[in-house]
There are 2 protein chains.
Amino acid sequence: MNYKNHVTRLSQYKSVLQRLVKSGIEKTYAESISKHIGIPATQIRKDFSLFGIRGNKRGGYNVLELLEELKVNLGLNRDLPFILIGYGNLGKALARYHGFHEGCVRIIAAFDPKVGVLSSIPPIPVYPPASISAFLKDNPVKHAVLAVPDDVAQSMVDELYAEGIRGFINFSAIALNIPEDAYVNNVDLELELETVVYYTKEAENKEDKEVKKLV
Amino acid sequence: MNYKNHVTRLSQYKSVLQRLVKSGIEKTYAESISKHIGIPATQIRKDFSLFGIRGNKRGGYNVLELLEELKVNLGLNRDLPFILIGYGNLGKALARYHGFHEGCVRIIAAFDPKVGVLSSIPPIPVYPPASISAFLKDNPVKHAVLAVPDDVAQSMVDELYAEGIRGFINFSAIALNIPEDAYVNNVDLELELETVVYYTKEAENKEDKEVKKLV
DNA sequence: ATAATTATGTGACAATAATCACGACAATCT
DNA sequence: AGATTGTCGTGATTATTGTCACATAATTAT
């Protein structure tokens, strides 16, 4: 059973709410959240309902309370350490990604044959891959970001799973085999660009045969 | 009307096929593609059917022909120049992302206040944002990658749209307003990590109240 | 106090997507 | 040649997801 869309939307709501909090706004409405992210207000209410989040019959939602409930439902109401495997360009970008410094999702260490200390705030240490096992024995991390070359991704996952990692985000282009009790989220950047190409093509050529077939 | 899942799958098939070509494999079957990416074989055939792609009644699919048809359907059977806006860590990672050098999707120039030439293969020049307009007059680019801070993303899109860009991939966390005839693909990295957290939480705590409600 | 107004919450409905079951056809075997 | 096998192709079916209409509660106005 896969509620990917619900969860994605919940995360989007959370993102909007965080911005509202920053702006000092205390109250919001399904309708105004809708304006921010383009999801119908009724869909938003349906989602909240599904996750047991309730508002005030006329007064909309209290921003802080709603944010807290969203975080609880997303499992983000606690410290969430990630390790980063692969410290190439993509790994560096992820480690420095400012968004992560605001939420509870934090990258606490990176592993790469080229060791060193990453100059971010806070600084993230880079260790050799051989020390992953030892590191995980001292640090109860359950999540890993895989930003390694395609050909080592699977063996890396196997090792990390054996060491207790259960949630993966995979930036390599190949599908990974994992046991039932773990989860992999695949992010294929090339695929994301190609999606854009497809829809742009569609727009520029409305009478395309294939498109007709689809509609 | 949104066929996002179909298009995503088509792109995945394409990725598998490219690997098969590299390995020198000439023939494949819905069943064996399925093994690679975990999508049911009947789904694969249905997708092909929907896009008018046909195989041989018993002999499966010719790898090269299938790849070509997938590319045609995805609009990838031509040169696809992208420009990259924002040359921070993420921008650098994207510019150097090896996957792009193999397909037809290419980043041909980057724009950032900090100019310079990126040492990738091929080298990608970095120009000041002020020169975007002039650049687009000389180069008929229709697609842009937005890897800029959240607060400048919308104004950047407005400018790029005015200059003729119609396909965007947006790495900032905010939703962008665009006219009907353009397309934005939002990739929110924080959201991707949070999705992993959600599903990992679910696995570790099966009797969670909210989950029960859902099932 | 009563009526009008404005949001929420949700069951009923509609649209979309995925799966299944089976027919068609080409290749191989006897 | 005829039977058999393996794989595709697709209409029918089922499951999932999204939308709509409206009942409900809280607030404000008269």
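So that the names make sense, note that chain A is the first sequence line, chain B the second, and so on, each numbered from 1. Being a predicted model, the structure only gives us computed values, none of them experimental.
A distance of 9.5 Å separates CD1 in A/I174 from NE2 in B/H36, rounded to the nearest 0.5 Å. The line from OH of A/Y13 to CG of A/L66 is 10.5 Å long, rounded to the nearest 0.5 Å.
For B/N185 (side chain) and A/E192 (main-chain N/O), a donor-acceptor pair under 3.5 Å exists by modelled atom type. The closest donor-acceptor contact from the side chain of B/R166 to the backbone of B/H143 lies at 3.5 Å or more, if one exists at all. Looking at A/D150, its side chain does come within 3.5 Å of a backbone N or O of A/A173 through a donor-acceptor pair. Not a single donor-acceptor pair under 3.5 Å links the side chain of A/S11 to the backbone N or O of A/V7. Between the side chain of A/R106 and the main chain of A/F82, no donor-acceptor pair closer than 3.5 Å is present.
Atom CZ in B/F51 sits about 15 Å away from atom P in D/dT10, given to the nearest Å. Put simply, NE2 on B/H6 is 11 Å from P on C/dT16, counting in whole angstrom units. Separating the CD1 atom of B/I44 from the C1' atom of D/dT7 is a distance of 13 Å, rounded to the nearest angstrom. The separation between A/N5 atom CG and D/dA15 atom C1' is 14 Å, rounded to whole Å. When rounded to the nearest whole Å, the span between CZ of B/F48 and C1' of C/dA18 equals 16 Å. As rounded to whole Å, 10 Å separates atom C1' of C/dA17 from atom CG of B/D47.
Near DNA chain D, meaning a heavy atom under 4.0 Å from it, residues 56-67 of chain A has A/K57, A/R58 in order of number. Near DNA chain D, meaning a heavy atom under 4.0 Å away, the residues from residues 27-37 of chain B are B/Y29, B/A30.
Closest heavy-atom contact between A/I44 and A/A30: CD1-O, 3.6 Å.
For D/dT10, the base has no donor-acceptor partner in the side chain of B/K46 [N/O atoms by modelled type, under 3.5 angstrom].
Counting only heavy atoms from C-beta on, B/P40 has its side chain closest to C/dT19 among C/dT19, D/dG18, D/dT19. Set against D/dT10, C/dT19, C/dG9, the side chain of B/Q43 has C/dT19 as its closest nucleotide.
A close approach under 4.0 Å does not occur between any side-chain nitrogen or oxygen of A/R45 and OP1 or OP2 of D/dA21. The side chain of A/T42 contributes no N or O atom lying less than 4.0 Å from OP1 or OP2 of D/dC20.
Side-chain contact annotation: A/K46 with A/T42, donor-acceptor N/O pair under 3.5 Å absent.
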